[in-house]
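Let me begin by presenting the structure, written as structure tokens, before commenting on it.
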Amino acid sequence: ITDGTGSTMNGDDRWTDALSHRLHALYGRRVAVVNAGIGGNRVTTPARYSIDAPIPGGPSALERLERDLLAISGLRAAIWLEGINDIGTGEATADQITAGLRSGVARIRSAGVRAIGATIVSALGADTPHGTARGDAIRRAVNDWIRAPGSYDAVVDFDAATRDPATGALRPEFQPNGTIGGPGDRLHPNRAGYLAMAAAVDPAILAIPPGP
């Protein structure tokens with residue numbers, strides 16, 4: 001989802017792109033948004049990743065945390081949206097996902113970086129383990145942990161910004177695929193959904209210092 005599946009091909013309208021545009025309007029070019037999303041990436045698995053035996057999604061978030069996040073020069077805040085692909089394996093439990101997130105948050109904080117949790121958007125109705133009643137129950141349990149005081153330094157509620165309260169699925173207007181058309185996969189929001197996600201980020205939680 002952070003990688004941008006379902007957005008406009010070459011349209012620079014993923015949620016990170018839209019957030020970047022908002023922050024540039026507020027703070028100028030001294031602020032940058034880095035998109036470290038990988039399609040199919042998971043929080044806790046695989047236990048180890050090898051180029052000799054690659055899997056879709058690459059190394060786990062915990063394995064690549066230093067390389068892809070903490071090594072970024074000038075990093076002040078990290079918005080972490082992940083967990084839906086762990087659910088999509090049909091094997092991960094809510095406790096396993098939250099344990100992985102908890103471990104990652106501790107490492108982010110220890111590096112002096114502000115850890116911001118992002119709730120997982122709904123995939124209810126998708127023709128995959130993500131979209132089953134069991135998968136949605138796991139997602140909601142993980143989101144409850146993300147929203148709980150102390151889990152993160154701040155929270156962005158992407159779930160609330162994109163979910164249809166009547167059905168529990170993505171809002172209908174956020175489902176049609178932004179690149180190829182058609183009904184979408186019920187898992188990845190389209191351009192409008194990504195814009196709604198970006199709009200849900202309160203710039204104040206990023207604690208951007210004043211500057212010229």
side-chain contact (heavy atoms from CB on, under 4.5 Å), that's the test. Do Arg186 and Leu170 meet it? Break it down for me. CA-CA 7 Å; Arg186 297 179 178 265; Leu170 285 175; 5.6 Å; no

Using only atom types and a distance under 3.5 Å, with no angle test, would you say the side chain of Thr98 pairs donor to acceptor with the backbone of Val142? no

Would you say that Asn177 contacts Asp185 through its side chain, given a criterion of any heavy-atom pair below 4.5 Å between the two side chains? no

Take Leu81 and Ile1, measure what side-chain contact (heavy atoms from CB on, under 4.5 Å) needs, and give me the verdict at the end. CA-CA 9 Å; Leu81 169 62; Ile1 291 170; 4.2 Å; yes

Val105 to Trp80 - nearest heavy-atom pair and separation: N-CZ3, 3.8 Å

Side-chain contact test, heavy atoms from C-beta onward, threshold under 4.5 Å: evaluate it for Tyr49 versus Ser60 and give yes or no. no

Any donor-acceptor pair under 3.5 Å linking the side-chain atoms of Thr119 with those of Asn143? no

Would you indicate whether the side-chain heavy atoms of Arg109 and Val113 approach each other to under 4.5 Å? no

Determine the minimum heavy-atom distance between Gln175 and Ala169, stating which atoms define it. NE2-CB, 4.4 Å

To the nearest 0.5 angstrom, please state how far the CZ atom of Arg22 sits from the CG atom of Leu195. 11.0 Å

For the student: nearest non-hydrogen atoms of Ala77 and Ile116, plus distance: CB-CD1, 4.1 Å

Nearest 0.5 Å, please: how far is CD1 in Ile38 from CG in Asp68? 5.5 Å

Could you report the tightest heavy-atom contact between Ser151 and Ile146, atom names first, then the distance? CB-O, 3.9 Å

Do Ser110 and Arg107 have side-chain N/O donor and acceptor atoms under 3.5 Å apart? no

Do Asp164 side-chain atoms and Pro172 backbone N/O form a donor-acceptor pair below 3.5 Å? no

Would you please test Leu23 and Leu206 for side-chain contact (heavy atoms from CB on, under 4.5 Å) and show each step? CA-CA 10 Å; Leu23 296 182; Leu206 302 174; 3.7 Å; yes

Compare all side-chain heavy atoms of Pro129 with those of Glu91 and state whether any distance is below 4.5 angstrom. no

Does Ile208 form a side-chain contact (heavy atoms from CB on, under 4.5 Å) with Leu26? I'd like the steps, not just the answer. CA-CA 10 Å; Ile208 297 171; Leu26 291 171; over 6 Å; no

Looking at Ile120, is its backbone amide N or carbonyl O close enough to the side chain of Arg139 to form a donor-acceptor pair, meaning the two atoms are under 3.5 Å apart? yes

Check: Asp52 main-chain N/O paired with Ser50 side-chain donor or acceptor under 3.5 Å: yes

Side chain proximity check, Leu101 to Trp145, heavy atoms < 4.5 angstrom: yes

On a heavy-atom basis, which atom in Leu70 and which in Leu75 lie closest, and how many Å separate them? CA-CD2, 4.2 Å

Examine Ile79 and Val121 and state if one hydrophobic cluster contains both, with Ile, Leu, Val, Met, Phe, Trp and Tyr joined whenever side-chain heavy atoms are less than 4.5 Å apart. yes

Please determine whether residues Leu187 and Val43 belong to a single hydrophobic cluster, defined as Ile, Leu, Val, Met, Phe, Trp and Tyr linked transitively by side-chain heavy-atom distances below 4.5 Å. yes

Is there a path of hydrophobic side-chain contacts, each under 4.5 Å between heavy atoms of I/L/V/M/F/W/Y residues, joining Phe174 to Val201? no

Please name the pair of heavy atoms, one in Gly168 and one in Ser122, separated by the smallest distance, quoted to 0.1 Å. O-OG, 2.6 Å

Under 3.5 Å: donor-acceptor pair, side chain of Thr44, backbone of Ile97: no

Value rounded to 0.5 Å, distance of NE2 in His24 from CG in Leu19: 9.5 Å

Keeping the roles fixed (side chain from Ser7, backbone from Arg14), state whether a donor-acceptor pair exists under 3.5 Å. no

Do other residues, nucleotides or ligands put more than 12 heavy atoms under 6.0 Å from Arg163 CZ? yes

Are Pro59 and Arg48 side-chain neighbours, meaning at least one heavy-atom pair lies under 4.5 Å? no

Distance, nearest 0.5 Å, that separates CD1 of Ile72 from CZ of Arg76: 14.0 Å

Please examine the side chains of Tyr194 and Asp17, heavy atoms only from C-beta on, and report whether any two atoms are closer than 4.5 Å. no

Heavy-atom side-chain proximity of His130 to Asn85 below 4.5 angstrom: yes

Taking Arg42's backbone N and O only, do any of them form a donor-acceptor pair with Asp86's side chain (distance below 3.5 Å, no angle check)? no

I'd like to know if the side chain of Asn190 and the backbone of Gly193 have a donor-acceptor N/O pair within less than 3.5 Å. yes

Just to verify, which of Arg171, Arg147, Arg140 counts as forming a salt bridge (Lys or Arg N to Asp or Glu O under 4.0 Å) with Asp159? Arg147

Would a distance-only check, ignoring hydrogens and angles, find a side-chain to backbone donor-acceptor pair under 3.5 Å from Arg114 to Ile205? yes

As a quick check of understanding, evaluate ring-ring contact (aromatic ring centres under 6.0 Å, His included) for Trp15 and Phe158, giving each step before the final call. CA-CA 10 Å; Trp15 72 264; Phe158 286 153; 4.9 Å; yes

Has the side chain of Asn41 got a donor or acceptor atom that lies under 3.5 Å from a matching backbone atom of Gly57? yes

